[in-house]
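Each chain gets a letter, A, B and so on, in the order the sequences are listed, and its residues count up from 1.
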Protein chains: 2
Amino acid sequence: MDHVDHILKQWRQERPDLDVDPMGTIGRVKRLNHALMRAMEKTWAKYGLTDASFDVLATLRREGAPYALSPSDLMASTMVTSGTMTHRINLLEKAGLIERVKNPEDGRGFLISLSQRGFDLIDEAVAAHVETQAQLVSGLTDEQRQQLDALLRQFLAGVEQE
Amino acid sequence: MDHVDHILKQWRQERPDLDVDPMGTIGRVKRLNHALMRAMEKTWAKYGLTDASFDVLATLRREGAPYALSPSDLMASTMVTSGTMTHRINLLEKAGLIERVKNPEDGRGFLISLSQRGFDLIDEAVAAHVETQAQLVSGLTDEQRQQLDALLRQFLAGVEQE
DNA sequence: AGATTATATCTTGATATCAAGGTATGTGTG
DNA sequence: CACACATACCTTGATATCAAGATATAATCT
């Protein structure tokens with residue numbers, strides 16, 4: 001009987017006309033995401049990073065050499081709006097972790113490129129991050145985690161297309 | 001090969017020293033949560049509500065008569081800080097959907113109570129919300145959803161205690 | 001080529017959130 | 001009973017985000 005069960009029980013009492021089973025699943029996804037984010041933030045903070053800055057640096061790092069993407073590419077990868085991405089880029093540029101380079105192939109745009117310091121930082125931070133994540137999933141067996149992956153993938157496929 | 005698979009593939013290429021399987025699971029939870037929230041917001045907006053206001057009203061409604069809780073109780077249920085809850089309560093009070101009543105048993109505190117308009121609104125909105133949620137989980141069979149529930153519950157139990 | 005439409009990014013303004021600290025009331029201890 | 005400590009809520013200040021719109025450049029179409 002966890003927190004979500006309690007909520008469903010209340011609804012079934014108050015609104016027996018409603019089928020709240022899906023609410024339980026979705027509620028657990030929300031709470032899980034919240035708890036995971038809170039836990040991961042602690043690791044990011046050790047490197048002076050936030051969700052936002054880690055996200056951008058990691059996206060550039062995993063892209064491989066030359067570690068550069070346009071703001072539009074970054075927006076698509078990170079699911080934020082253009083205003084948010086501009087803001088993130090400004091902060092990271094001020095911190096010296098990325099550089100804005102004129103895009104030689106498109107006069108409207110820029111390329112956002114990891115600086116050496118940005119590269120070194122994210123390379124170290126991502127190792128700690130992966131360790132934190134391993135800790136966070138340690139309540140599941142490998143097999144359970146893989147089952148979960150498969151179900152999440154299917155769920156996501158049904159929801160994300162539009 | 002969804003978006004998350006692509007990310008993992010990039011990391012395995014760039015950082016073969018890291019085990020990024022947990023990142024896949026956690027990444028799917030994050031993306032799923034994001035997509036679900038975006039979809040549910042549309043329903044809330046039809047009733048002039050947001051994530052935040054729906055959350056508070058629903059918490060009061062499902063509590064049952066007399067539909068009143070302290071701000072502290074609401075904070076605990078909704079996982080936000082006290083400043084955020086004060087702000088939410090102010091907005092809902094201004095909108096005439098809740099009322100602040102002096103707590104007769106504790107001079108320091110208030111009870112937040114659903115107004116009649118608040119009750120009527122949330123009772124209608126939650127029915128639409130449940131329908132939206134049913135639509136969102138329709139990519140899974142009932143059995144798959146129950147499997148997912150069980151795995152999420154276990155995952156959450158391991159992460160949420162602290 | 002000129003006009004139109006599309007794209008890439010930034011700017012602006014509004015809002016929700018959090019962390020930290022303040023004030024008032026309650027609780028417990030010697 | 002006086003004093004310390006805890007609790008409940010609010011205030012303040014900083015920040016991240018989004019939606020909508022502005023600007024510059026590119027692509028397309030006649």
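Listed by residue number, the members of residues 77-94 of chain B with any heavy atom below 4.0 angstrom from DNA chain D are Ser82(B), Gly83(B), Thr86(B). Interface residues of residues 49-58 of chain B facing DNA chain C, ordered by number: Ala52(B); criterion, heavy-atom separation under 4.0 Å.
Distance CD1/Ile7(B) to OG1/Thr59(A): 7.0 Å, rounded to 0.5 Å.
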Close N or O pairs between protein and nucleotides 24-29 of chain C (under 3.5 Å):
unit_1  : atom_1 : unit_2    : atom_2 : d
dG26(C) : OP1    : Gly107(B) : N      : 2.8

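Going from atom CD of Glu41(B) over to atom P of dT15(C) covers 16 Å, rounded to whole Å. Leu74(A) has its CG atom 15 Å from the C1' atom of dC10(C), to the nearest Å. The separation between Asn103(B) atom CG and dC10(D) atom P is 12 Å, rounded to whole Å. The CE atom of Met75(A) sits 18 Å away from the P atom of dA16(D) (whole-angstrom rounding). Atom-to-atom, CH2 of Trp44(A) to P of dA16(D) comes out at 14 Å; the value is rounded to the nearest Å. The separation between Leu111(A) atom CG and dA8(C) atom P is 12 Å, rounded to whole Å.
Every residue two or more places apart in sequence or in another chain that forms a side-chain hydrogen bond (donor to acceptor under 3.5 Å, both in side chains) with Arg12(B) is listed here: Asp21(B). Scanning for side-chain hydrogen bond (donor to acceptor under 3.5 Å, both in side chains) contacts around Asp19(B) gives an empty result, with sequence neighbours left out. Partners of Gln10(B) by side-chain hydrogen bond (donor to acceptor under 3.5 Å, both in side chains), not counting sequence neighbours, listed by chain and number: Arg62(A), Glu63(A). With sequence neighbours left out, Glu41(A) forms a salt bridge (charged side-chain N to carboxylate O under 4.0 Å, His left out) with Arg38(A). Under the rule for a ring-ring contact (aromatic ring centres under 6.0 Å, His included), the partners of Trp44(B) that lie at least two apart in sequence or sit in another chain are Phe54(B), His129(B). Under the side-chain hydrogen bond (donor to acceptor under 3.5 Å, both in side chains) criterion, Gln13(A) pairs with no residue at all, not counting sequence neighbours.
Side-chain atoms of Gln146(B) and Asp142(B) form no donor-acceptor pair, as typed in the model, at a separation below 3.5 Å.
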Under 3.5 Å, which donor-acceptor pairs do the side chains of residues 74-81 of chain B form with other protein atoms, sequence neighbours left out?
unit_1   : atom_1 : unit_2   : atom_2 : d
Ser77(B) : OG     : Asp73(B) : O      : 3.4
Thr78(B) : OG1    : Leu74(B) : O      : 2.6
Thr81(B) : OG1    : Thr84(B) : OG1    : 3.2

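Note on residues 61-116 of chain B: pairs passing ring pair (Phe, Tyr, Trp, His ring centres under 6.0 Å), not counting sequence neighbours, are Tyr67(B)-Phe119(B). Listed by first and then second residue, the salt bridge (Lys or Arg N to Asp or Glu O under 4.0 Å) pairs that reach into residues 44-54 of chain A are Asp51(A)-Lys30(B), sequence neighbours excluded.
Take the nearest nucleotide of DNA chain C for Arg100(A) and for Arg38(A): the residue whose nucleotide is more 5' is Arg100(A).
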